[in-house]
Participant: 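Take a look at this one; I'll ask things after.
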Amino acid sequence: MDTPLSTIAVVGLGTMGTGIAEVLALAGREVIGIDISEAAALGAVASLEASTARAVTRGRITEEERAAALARFRTADTLQAAADAELVVEVVPESYEIKQQVFRELDAIVSPTTILATGTNALSVTRLAAESQRPERVLGLHFFNPAPAMKLVEVVSSVLTAPPAVEAVTRLARELGKEPVAVGDRPGFVADGLLFGYLNQAAAMYEANYASREDIDAAMKLGCGLPMGPLALLDLIGIDTARTVLEAMYAESHDRLHAPAPILGQLGSAGLTGRKAGRGFYTYDAPGGQDVVPDALTPAAGAEAGAGREVASVGVAGSGTMASGIAEVFAKAGYTVVLAARSQEKADTAKGRIAKSLERSVSKGRLSAEARDETLGRITAAGSLEAFAEVDLAVEAVAEDLEIKQQLFAALDKVCRPGAVLATTTSSLPVVAVARATARPEDVIGMHFFNPAPAMKLVEVVRTVLTADDVHATVRAVCAKIRKHPVDCGDRAGFIVNALLFPYLNNAIKMVEEHYASLDDIDAAMKLGGGYPMGPFELLDVVGLDVSLAIEKVLHREFRDPGLAPAPLLEHLVAAGCLGRKTGRGFREYARR
């Protein structure tokens, strides 16, 4: 079964089929593009001509290579043209009926040794294979859009697939310059299996009016380094396509996280399927357009909720990395800062950490020596909260423990002047529970910075039901002055980022528990297929498995969703003291320094 795969047919010349055909032709394969639509065939030829011309202009290929690739691509309007193909890749619409019809017709046309590959990302490869007369030669070959740019290819085996067929297409994927990941047959496979649950939760979060579409997307881009926010990505994928994938996932898992959010069905039924329709979660300049245009839901430029309070001095409570980072951010922005810890020694150490950070910025040319000295001069280290007596804004960055935070806020209530804004940096605890430790809960708000605070642009601004309007306005204005992007969210577990991020991480762990895919394959799939800067297991080890478990428990306790229960493997690793990079071992082992 050592098939050379030099002649390949691509059935379906939409965006994905055309992209796959381009990749194959540029890699030296003879490609037959098949589509019953003459317009689709002509569009594929035009697309290939245009994209290869751009590649020549950018110096990626020569004019001779372009001419050779174009000569290797031809189109046809009937499956009979695939008769001599050694591999057929179908990328027709996501419908069992349509795909099975294609496979049945191909059975009567192609050679007994021809491999039949489906490009589905939602349907069962096993079910499609069972309808074929050669189930051992049927597998999944899932490219990602845009196929010429995206490196990931998921090679999907069913229980019927012969290993030589898998080996042949895996070898082909590598020869195409792609990164093949071997996965089993379940809806969504690895990348989409993790991605679509996250997208679904984001849609449900928006539907619940918890946060605006702009804030949800900004939070995930700035808080997690993602190339696109989830709602914009749903518009790009197609809301109808996303719902189809989620329906298939839910049919197998019965996990509520995969049950399509009602808004996906409502938008789809209204024909608002995303970019291709010109409107989905956002409105676009035209059907198929990329540029978002203002609509009735677009926030008015510069609109803020009333006037805030004057803030000239800031107190930061804590001596850890987060406290130091926040103090540095405020001092750089021109605020007078009091950095208070439990002792003068701890406060001095924290200020010393800031001095080193500023020095690194000077050495890298990001900050002048004069600005370093001015910034450091604005910071006073104190060994007691008494130093907060005259600050306008007090920000706590102490341990993520409700009792500790409540004790601290009770102390701030006594020390800080009337009218001072009191902010907690909690990432998982109820802000209102902290606020109730004071006699002025209307002055309390959440300001969730992300680590490292000097580098990360996001701040989640968390209002409780008791927070005063001018306190909210004050914090929004402060965020603008310290050059951070504020996103508004209500006081519930996880806020925006952690509420969307940690269920995704938990589901990745469950994939490993079920022996569906390896750590390395899952990390590679999400980086190459989802555009994530780190794979889920890399990120878990950096965040800390104990921290991750604590957040998972908070989410599970608040939302009571069985799908949010922490994966047992995570609990076992934490119990064993394997907490990630900080202990030298988590999901992976690390060299001790």
Participant: Whether the side chain of Glu179 engages the backbone of Lys151 through a donor-acceptor N/O pair (distance < 3.5 Å, no angle test) should be reported.
Facilitator: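 The answer is no, because no donor-acceptor pair under 3.5 Å joins these two groups.
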
Participant: Does the plane of the ring in Phe144 sit parallel, tilted or perpendicular to the ring in His142? Use 30° and 60° as the thresholds.
Facilitator: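 Rings of Phe144 and His142: tilted, 30 to 60°.
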
Participant: Start with the C-alpha gap between Leu539 and Leu501, add the side-chain angles, then the distance that decides, and say whether side chain to side chain contact (heavy atoms under 4.5 Å, CB included) holds.
Facilitator: CA-CA 10 Å; Leu539 182 56; Leu501 175 63; 4.0 Å; yes

Participant: Rounded to the nearest 0.5 Å, how far does CZ of Arg275 lie from CG of Leu234?
Facilitator: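 So the gap between those two atoms works out to 12.0 Å.
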
Participant: Within the 3.5 Å criterion, strictly below it, is a donor on Glu94 or Thr244 matched to an acceptor on the partner's side chain?
Facilitator: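 No, Thr244 and Glu94 have no side-chain donor paired with an acceptor closer than 3.5 Å.
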
Participant: Between Ser132 and Asp107, does a side chain to side chain donor-acceptor pair (under 3.5 Å) hold up when you go through it step by step?
Facilitator: CA-CA 7 Å; Ser132 170; Asp107 276 338; 3.1 Å; yes

Participant: Going by heavy atoms in the side chains, are Phe495 and Leu500 under 4.5 Å from each other?
Facilitator: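 Counting from C-beta outward, Phe495 and Leu500 never come under 4.5 Å.
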
Participant: Could you point out which residue of Leu272, Ile263, Asp217 forms a side chain to side chain contact (heavy atoms under 4.5 Å, CB included) with Phe281?
Facilitator: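 Among the candidates, only Ile263 passes.
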
Participant: Looking at side-chain heavy atoms only, is the closest gap between Thr118 and Phe103 below 4.5 Å?
Facilitator: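 With C-beta onward as the side chain, the pair touches.
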
Participant: Any non-hydrogen side-chain atom of Val10 less than 4.5 Å from a side-chain atom of Val31?
Facilitator: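 Answer yes - side chains close enough.
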
Participant: Do Thr75 and Ile34 have side chains that approach each other closer than 4.5 Å (heavy atoms only, starting at C-beta)?
Facilitator: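 No. Closest side-chain heavy atoms not under 4.5 Å.
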
Participant: Looking at Asp295 and Arg213, is there a salt bridge between them, counting it only when a charged N and a carboxylate O are closer than 4.0 Å?
Facilitator: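 Salt bridge between Arg213 and Asp295, a charged N being under 4.0 Å from a carboxylate O: yes.
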
Participant: Any idea how Tyr504 and Tyr198 line up, ring-wise: parallel (<30°), tilted (30 to 60°), or perpendicular (>60°)?
Facilitator: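 The rings of Tyr504 and Tyr198 sit tilted, inter-plane angle from 30° to 60°.
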
Participant: Can you check whether Glu136's main-chain N or O pairs, donor with acceptor, with Thr161's side chain at less than 3.5 Å?
Facilitator: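 Such a contact is absent between Thr161 side chain and Glu136 backbone.
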
Participant: Has Asn506 got a side-chain atom pairing as donor or acceptor with Ala565's backbone, closer than 3.5 angstrom?
Facilitator: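 Flag set: sc Asn506 to bb Ala565 pair under 3.5 Å.
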
Participant: Main chain of Asp491, side chain of Thr464: is a donor-acceptor contact present, judged purely on distance under 3.5 Å?
Facilitator: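 Flag not set: sc Thr464 to bb Asp491 has no pair under 3.5 Å.
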
Participant: Which pair of heavy atoms, one from Asp488 and one from His472, lies closest together, and at what distance?
Facilitator: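 Closest heavy-atom pair between Asp488 and His472: OD1-NE2, 2.8 Å.
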
Participant: Distance only, no hydrogens: is a donor on one side chain within 3.5 Å (strictly under) of an acceptor on the other, for Tyr532 and Asp523?
Facilitator: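 Per modelled atom types, Tyr532 and Asp523 side chains form no pair under 3.5 Å.
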
Participant: As a quick check of understanding, evaluate side chain to side chain contact (heavy atoms under 4.5 Å, CB included) for Leu116 and Leu139, giving each step before the final call.
Facilitator: CA-CA 7 Å; Leu116 303 180; Leu139 46 70; over 6 Å; no

Participant: Please find the pair of heavy atoms, one from Leu257 and one from Gln201, that lie closest to each other, and give the distance.
Facilitator: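 Between these two residues, the closest heavy atoms are CD2-NE2, 3.6 Å.
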
Participant: Rounded to the nearest 0.5 Å, how far apart are CG of Leu549 and NE2 of His572?
Facilitator: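 Interatomic distance, Leu549 CG to His572 NE2, rounded to 0.5 Å: 11.0 Å.
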
Participant: I'd like to know if the side chain of Glu154 reaches the main chain of Pro180, judged simply by a donor and an acceptor atom lying under 3.5 Å from each other, with no hydrogens or angles considered.
Facilitator: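 The answer is no, because no donor-acceptor pair under 3.5 Å joins these two groups.
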
Participant: Any side-chain heavy-atom pair from Leu231 and Tyr206 closer than 4.5 angstrom?
Facilitator: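 Answer yes - side chains close enough.
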
Participant: What pairs with Asp520 under salt bridge (Lys or Arg N to Asp or Glu O under 4.0 Å), at least two apart in sequence or on another chain?
Facilitator: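 Scan of Asp520 (salt bridge (Lys or Arg N to Asp or Glu O under 4.0 Å), adjacent residues dropped) gives Arg588.
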
Participant: Over all heavy atoms of both residues, which pair between Met16 and Ala147 is shortest? Give the atoms and the distance, please.
Facilitator: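 For Met16 and Ala147, the tightest heavy-atom pair comes out as SD-CB, 4.1 Å.
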
Participant: Mind checking whether His448 and Phe450 have parallel, tilted or perpendicular rings, split at 30° and 60°?
Facilitator: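 It falls in the tilted class, 30° to 60°.
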
Participant: Indicate whether any N or O donor in one side chain lies under 3.5 Å from an N or O acceptor in the other, for Tyr210 and Asp215.
Facilitator: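 Short answer, no.
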
Participant: Are side-chain N/O atoms of Glu105 and Gln101 paired as donor and acceptor at under 3.5 Å?
Facilitator: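 Yes, a side-chain donor-acceptor pair sits under 3.5 Å.
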
Participant: What pair of heavy atoms forms the shortest contact from Asp240 to Lys276, and how long is it?
Facilitator: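 Closest pair (atom of Asp240, atom of Lys276, distance): OD1-NZ, 2.9 Å.
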
Participant: Do Ile522 and Pro536 have side chains that get closer than 4.5 Å, going by heavy atoms?
Facilitator: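 Contact flag for Ile522/Pro536 side chains = yes.
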
Participant: I'd like to check Arg186 versus Met511 (side-chain heavy atoms, cut-off strictly below 4.5 Å). Are they in contact?
Facilitator: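 Yes, close enough: below the 4.5 Å cut-off.
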
Participant: Are more than 12 heavy atoms from other residues, nucleotides or ligands located less than 6.0 Å from atom NZ of Lys553?
Facilitator: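 Counting neighbours around NZ of Lys553, 12 or fewer heavy atoms of other residues, nucleotides or ligands fall under 6.0 Å, so no.
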
Participant: State, with a plain yes or no, whether a side-chain heavy atom of Val190 is found less than 4.5 Å away from one of Asp521.
Facilitator: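 Heavy-atom side-chain distance check fails, nothing below 4.5 Å.
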
Participant: Checking Arg279 side chain against Thr283 main chain: does a donor-acceptor pair fall under 3.5 Å?
Facilitator: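 Not at all, since once roles are kept as given, no pair shorter than 3.5 Å links the two residues.
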
Participant: Quick check: are there more than 12 heavy atoms from other residues, nucleotides or ligands sitting under 6.0 Å from CD1 of Ile98?
Facilitator: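 Counting neighbours around CD1 of Ile98, more than 12 heavy atoms of other residues, nucleotides or ligands fall under 6.0 Å, so yes.
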
Participant: Quick check against the 3.5 Å criterion: does Asn200 have a side-chain atom that pairs as donor or acceptor with the backbone of Ala261?
Facilitator: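 Such a contact is found between Asn200 side chain and Ala261 backbone.
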
Participant: Ignoring hydrogens and geometry, is there a side-chain-to-backbone donor-acceptor pair from Tyr282 to Asp235 under 3.5 Å?
Facilitator: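 No, because the side chain of Tyr282 does not come within donor-acceptor range (under 3.5 Å) of the backbone of Asp235.
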
Participant: Are the charged groups of Arg492 and Glu558 less than 4.0 angstrom apart, N to O?
Facilitator: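 Salt bridge between Arg492 and Glu558, a charged N being under 4.0 Å from a carboxylate O: no.
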
Participant: Side chain to side chain contact (heavy atoms under 4.5 Å, CB included), that's the test. Do Ser428 and Asn498 meet it? Break it down for me.
Facilitator: CA-CA 8 Å; Ser428 60; Asn498 286 347; 5.6 Å; no

Participant: Are the charged groups of Arg243 and Glu247 less than 4.0 angstrom apart, N to O?
Facilitator: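 Here Arg243 pairs with Glu247 in a salt bridge, since their nearest N and O are under 4.0 Å apart.
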
Participant: Is the backbone of Phe587 close enough, under 3.5 Å, to the side chain of Asp541 for a donor and an acceptor to pair up by distance?
Facilitator: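 Yes; judged by distance alone, with no hydrogens or angles, the pair exists.
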
Participant: Distance only, no hydrogens: is a donor on one side chain within 3.5 Å (strictly under) of an acceptor on the other, for Glu400 and Thr426?
Facilitator: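 A donor-acceptor contact under 3.5 Å links the two side chains.
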
Participant: Does either side chain, that of Ser158 or that of Asp185, offer a donor lying less than 3.5 Å from an acceptor on the other one?
Facilitator: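 Not at all, the side chains of Ser158 and Asp185 share no donor-acceptor pair under 3.5 Å.
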
Participant: Drop me the distance from Glu207's CD to Gln266's CD, to the nearest 0.5 angstrom.
Facilitator: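 Between atom CD of Glu207 and atom CD of Gln266 there are 5.5 Å.
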
Participant: Return the CZ to NE2 distance between Arg256 and His254, rounded to the nearest 0.5 Å.
Facilitator: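 Here the rounded value is 14.5 Å.
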
Participant: Measure the CE-CG distance between Met456 and Asn451 for me, rounded to the nearest 0.5 Å.
Facilitator: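 Interatomic distance, Met456 CE to Asn451 CG, rounded to 0.5 Å: 8.5 Å.
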
Participant: If you take all heavy atoms of Val91 and Gly12, which pair is closest and at what distance?
Facilitator: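 In terms of heavy atoms, the two residues are closest at CG2-O, 3.3 Å.
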
Participant: What is the minimum heavy-atom distance between Leu13 and Asp35, and which atoms define it?
Facilitator: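 Heavy-atom minimum between the residues: N-OD2, 2.8 Å.
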
Participant: Evaluate the side chain to side chain contact (heavy atoms under 4.5 Å, CB included) criterion for residues Asp77 and Glu38: first the C-alpha distance (whole Å), next the side-chain angles of each, then the deciding distance (0.1 Å), finally the verdict.
Facilitator: CA-CA 7 Å; Asp77 61 3; Glu38 182 181 359; over 6 Å; no

Participant: I need the Glu90 CD to Gln100 CD distance, nearest 0.5 Å.
Facilitator: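 Spacing of CD (Glu90) from CD (Gln100) equals 10.5 Å.
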
Participant: For Val166, is there any backbone N or O sitting under 3.5 Å from a side-chain donor or acceptor partner on Thr170?
Facilitator: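 Present.
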
Participant: Quick one: which of Glu214, Met220, Glu460 gives a side chain to side chain contact (heavy atoms under 4.5 Å, CB included) with Val487?
Facilitator: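 Answer to the side chain to side chain contact (heavy atoms under 4.5 Å, CB included) test with Val487 among Glu214, Met220, Glu460: Glu460.
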
